[in-house]
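Just so you know, these numbers use all the heavy atoms, side chains as well, and skip hydrogens, waters and symmetry mates.
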Amino acid sequence: MDKKQVLYVVKLLREGHSLTKITQLAKINVMYVSVIRKLMVMELLNIEA
C-alpha cells in the first residue's frame, strides 16, 4: 500500500462511501480501510484534501 492508495481511500471516506465499496474501488483489504478510518476518527491521521 503506497501513499497514493492512502490518499484515495481518505478521499473516498470523506465522500461517504461504504467500507465494501471502498475496498472494491481501491482494490485493498477491508482491514486497511478500517484502520485508516479509525485513525481519521481518532485524529491521528491528518491529511489535507
Side-chain angles (χ1 to χ4, degrees):
M1 192 158 161
D2 58 3
K3 184 178 179 178
K4 190 168 96 173
Q5 280 182 309
V6 172
L7 293 174
Y8 185 54
V9 169
V10 168
K11 177 180 163 279
L12 293 173
L13 282 168
R14 287 187 176 153
E15 290 175 359
H17 296 283
S18 69
L19 290 181
T20 53
K21 184 70 175 176
I22 293 171
T23 56
Q24 291 170 354
L25 291 172
K27 296 185 175 100
I28 60 172
N29 192 323
V30 69
M31 292 305 293
Y32 291 127
V33 178
S34 180
V35 168
I36 291 170
R37 184 179 69 174
K38 178 82 71 181
L39 290 173
M40 287 175 64
V41 168
M42 293 172 37
E43 296 181 1
L44 296 175
L45 177 67
N46 296 318
I47 297 179
E48 299 298 324

| query | Do the side chains of V41 and K38 get nearer than 4.5 Å, heavy atoms only? | reply |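 Contact flag for K38/V41 side chains = no.
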
| field | Residue of the set T23, V33, L7, I22 for which side-chain contact (heavy atoms from CB on, under 4.5 Å) holds with L12 | value |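 When T23, V33, L7, I22 are each tested with L12, the side-chain contact (heavy atoms from CB on, under 4.5 Å) holds only for I22.
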
| query | If you take all heavy atoms of K27 and Q5, which pair is closest and at what distance? | reply |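 Shortest heavy-atom contact: O-NE2, 4.4 Å.
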
| task | Over all heavy atoms of both residues, which pair between L13 and I36 is shortest? Give the atoms and the distance, please. | result |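 Shortest heavy-atom separation between L13 and I36 comes out as CD1-CG2, 4.0 Å.
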
